[in-house]
Structures are given as C-alpha cells and as structure tokens.
Number of protein chains: 2
Amino acid sequence: MLTETEARYLLFLYRRQEEEGREVGTVALAREMGVRPATAAQTLRKLAAKGLLRYRPYRGVEFTPRGRREGRELLRKHRILEFLLWGVLGCDPRTACREASSLLSASTSLVDSLCRALGHPSTCPCGKPIGRCGGR
Amino acid sequence: MLTETEARYLLFLYRRQEEEGREVGTVALAREMGVRPATAAQTLRKLAAKGLLRYRPYRGVEFTPRGRREGRELLRKHRILEFLLWGVLGCDPRTACREASSLLSASTSLVDSLCRALGHPSTCPCGKPIGRCGGR
DNA sequence: GATAAAGTTAGGTGGTATCTAAATTTAAAC
DNA sequence: GTTTAAATTTAGATACCACCTAACTTTATC
C-alpha cells in the first residue's frame, strides 16, 4: 500500500504533528528528508491521494483517521524494534533508532510476536510510549 | 550497492549453486523468482556488471570472489534472522524463513550484534549451518 | 541435419523518486 | 495598502528499477 518513502514521510509527520503537536511545513519537511521542497510536496500529494492526509495547498496537512491509524502503527513498529535493539541486543539508543528505521519492512504480525516476546514493553529507549499491541 | 531484487537473486543463486552445488539455469531461476526468463537474464547481467558474477551467455554464471563473499553474507544474515524469529520469538520455521526475507535490509553490524546476543548459534531452524560472525 | 528447449537481446511500459524552473500565495515590513 | 521576501505549489524532465513481449540465437537431442 505505502511505498518505503511514503512510510518514512508519514512516520515523520505523525511523530511531529500528531504526537508532538508541532506543525511542520513543506520546507522543513524537505530539509528533514534531505530533498527539495518540490519533492516533499509531491509526496504529500501522494499521501493525500491515498487517503492518509488532507492536503490543502498553502495551508498544510492534517491527518485523516486512516492516516492517523497508519502513522500510529508505524510509530509502534519503530519503537518495538528500538526496544529490541536496545534492550536485548545492547545497542545504544541512537543506533537503535537508526537501525530500527531500516527494519520497518517487518510485517505487523511479526512486530506483534516481537511485542509479546518482549513482554509488551510500554516505552521505547528514550521513554516515549509504545502504543497498544493488536494481540493484547 | 545491491538493489533488493538483486540481493534476492544473488542469495538464491548462492544457496543453490555454491552451497548445494546444483547448477541453476535462466529458466529455472525465472520460475523460482516468479518472472519471465528475459527478466532473470537481465538481472544476471546486472549482477555481472557489478562484479559479483561471471556471466557467459549460454554457459551459465559462476561466482566471483566478491560475489561469493556477498552471497555468503546474505545467507548468514538470513539464517541469523531465522534463528531469532524461531528460537526467541517462537515462529515456526516456515514463517521464520518468510519473515527473515523481509528483514534482509538489516545492516551487517546489526546482524553481528544479533549473532552475539544469540550466543553465536551454529545452525538455522532447519539445521543448515550459519557462517562465521565478523565480530568473533 | 531438423527440431525442441533453453537462453538472449532489443525495445517498450509503468512506477517511483528525484530535480529545476517558473508561477503563485502568504505573511511581514514599511 | 503596497512591496517584498519567504514559503509553497505546479509543470515538466530525468534516471533508475523491475518487469514484459517479440524475435532471434544457441545448444542439445533424435
């Protein structure tokens, strides 16, 4: 459904905008993603076309319910993986965060198994909350 | 360096050809990869262009030293991940194999950490040998 | 040698991610 | 209120990737 790039953008936006409550504009998004503003805008349009964001030109984006669900799920995946890398493998939090990003292709059911095996941890290495596990 | 598809082809070829010693032709490769022979041939050419295979038209492929190293590494990654999913998370071997394939984007250093944390297991769930860990 | 199977090549399609250049809108300064 | 700077958007181009079909070539078999 989502390409890898789209997922990366959506996760970033979710973290900033829905969890931290900080608005993020196209230029700032582009800077974080390491691309030009035009590129970021195009990805926003694509995410909107897939029904995950509402995109009003010049006014910014807001999450649709589906987008919120998807973003929450991506963030949960990321944090469970971080927890694994840090708590079990002994990575430092920074490494854990970086490496977790390269594992986001893990399926939801795998992450659920992982969550169970780790005893349903409630926070990631930096103390941010890990959401609810589907299998609980 | 390698695209995801190229890595998938190389891993398959390595397993069949270098580990099991069974030659695999273009048509058979294509069938396994779920594509047409022309597509498989194109990927072989790309792997050759990247210096991992020697490709002699109509005569088949053989691994270069670099290709062998790369293939061995991919196979080790796969088996360590399988071991994790099966031995720690309780997946059945079939699921472990499938899910491991979706995690091959993991970095070598991460897989090394994982290997260490798992006590340097010597075989994957189906009993095949896991190669040497760089950090040992 | 004829033929079937395997393999190859050329050329085309569709999708993704990126860019530049040019327009537009917004917001802030005067 | 106008001007101006910054943010944003759009259009159009490029490059790469993975796949395909169609047509050709080689190899091996009878």
Side-chain angles (χ1 to χ4, degrees), chain A residues 1-14 16-17 20-64 67 70-71 74 101-102 104-105, chain B residues 1-14 16-17 20-64 67 70-71 74 98 101-105:
Chain A
M1 181 73 211
L2 286 185
T3 67
E4 212 177 298
T5 298
E6 285 165 354
R8 203 159 32 89
Y9 279 61
L10 191 71
L11 175 55
F12 178 82
L13 287 170
Y14 183 81
R16 278 295 159 87
Q17 206 151 305
E20 301 176 5
R22 293 197 269 155
E23 289 291 309
V24 46
T26 304
V27 168
L29 175 62
R31 188 160 22 78
E32 296 279 354
M33 295 297 146
V35 299
R36 299 290 183 166
T39 305
Q42 199 197 17
T43 303
L44 291 179
R45 253 185 285 139
K46 286 209 198 127
L47 286 168
K50 291 190 177 178
L52 301 167
L53 299 175
R54 172 118 172 278
Y55 183 32
R56 283 176 315 174
Y58 300 103
R59 311 310 290 277
V61 293
E62 56 190 79
F63 278 73
T64 64
E70 194 70 40
L74 284 169
S101 303
S102 77
L104 276 187
S105 51
Chain B
M1 180 73 209
L2 287 185
T3 67
E4 213 176 297
T5 297
E6 286 164 353
R8 203 157 31 89
Y9 280 59
L10 191 70
L11 175 54
F12 178 80
L13 286 172
Y14 183 81
R16 281 295 162 87
Q17 208 152 302
E20 301 177 5
R22 293 197 270 153
E23 289 290 308
V24 46
T26 306
V27 169
L29 175 62
R31 189 162 20 79
E32 294 280 353
M33 295 297 147
V35 299
R36 298 292 181 164
T39 305
Q42 196 193 22
T43 303
L44 291 180
R45 253 185 284 138
K46 286 208 197 130
L47 285 168
K50 291 189 177 179
L52 302 167
L53 299 176
R54 171 119 173 277
Y55 183 31
R56 283 176 315 172
Y58 300 103
R59 311 310 291 276
V61 294
E62 55 190 80
F63 279 73
T64 64
E70 194 70 40
L74 283 169
R98 183 167 27 80
S101 303
S102 76
L103 296 177
L104 277 187
S105 52

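The shortest side-chain heavy-atom distance between A/L2 and A/E70 falls under the 4.5 Å cut-off.
Remark: B/K46 engages no residue in a side chain to side chain donor-acceptor pair (under 3.5 Å) (not counting sequence neighbours). Residues that satisfy the side-chain contact (heavy atoms from CB on, under 4.5 Å) test with B/Y55, not counting sequence neighbours, are B/A41, B/L44, B/R45, B/A48, B/V61. Residues satisfying the side-chain contact (heavy atoms from CB on, under 4.5 Å) test with B/A30, not counting sequence neighbours, are B/V35, B/P37, B/A40. Not counting sequence neighbours, A/R59 has no partner by the side chain to side chain donor-acceptor pair (under 3.5 Å) test. Judged as a side chain to side chain donor-acceptor pair (under 3.5 Å), and not counting sequence neighbours, A/R56 has no contacts. The ring pair (Phe, Tyr, Trp, His ring centres under 6.0 Å) test applied to B/F12 returns no partner, not counting sequence neighbours. Remark: A/S101 engages A/H78 in a side chain to side chain donor-acceptor pair (under 3.5 Å) (not counting sequence neighbours).
In this structure, the CG atom of A/L44 is 10 Å from the P atom of D/dT8, given to the nearest Å. Between the CZ atom of A/R56 and the P atom of D/dT10 there is a distance of 14 Å, given to the nearest Å. Atom CD of B/E4 is separated from atom P of C/dT16 by 14 Å (rounded to the nearest Å).
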Pairwise N/O distances under 3.5 Å, protein to nucleotides 22-25 of chain D:
{"unit_1": "D/dT25", "atom_1": "O2", "unit_2": "B/Y58", "atom_2": "OH", "d": "3.4"}

Pairwise N/O distances under 3.5 Å, protein to nucleotides 15-17 of chain D:
none

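A donor-acceptor pair under 3.5 Å links the side-chain atoms of A/T43 to the main chain of A/T39, judged by distance alone.
Comparing C/dT20, D/dA18, D/dT21 against the side chain of B/R36 picks out D/dT21 as the nearest.
In terms of position on DNA chain C, the residue among A/R59 and A/P37 whose nearest nucleotide sits closer to the 5' end is A/P37.
OP1 or OP2 of C/dA17 has not a single side-chain nitrogen or oxygen of A/Y9 nearer than 4.0 Å.
Within the structure, every pair that satisfies the salt bridge (charged side-chain N to carboxylate O under 4.0 Å, His left out) test and touches residues 31-43 of chain B, not counting sequence neighbours, is listed here: B/R16-B/E32. Listed by first and then second residue, the salt bridge (charged side-chain N to carboxylate O under 4.0 Å, His left out) pairs that reach into residues 3-12 of chain A are A/E6-A/K50, sequence neighbours excluded.
Of the residues in residues 20-35 of chain A, A/G25, A/T26, A/V27 come within less than 4.0 Å of DNA chain D through at least one heavy atom, sorted by number.
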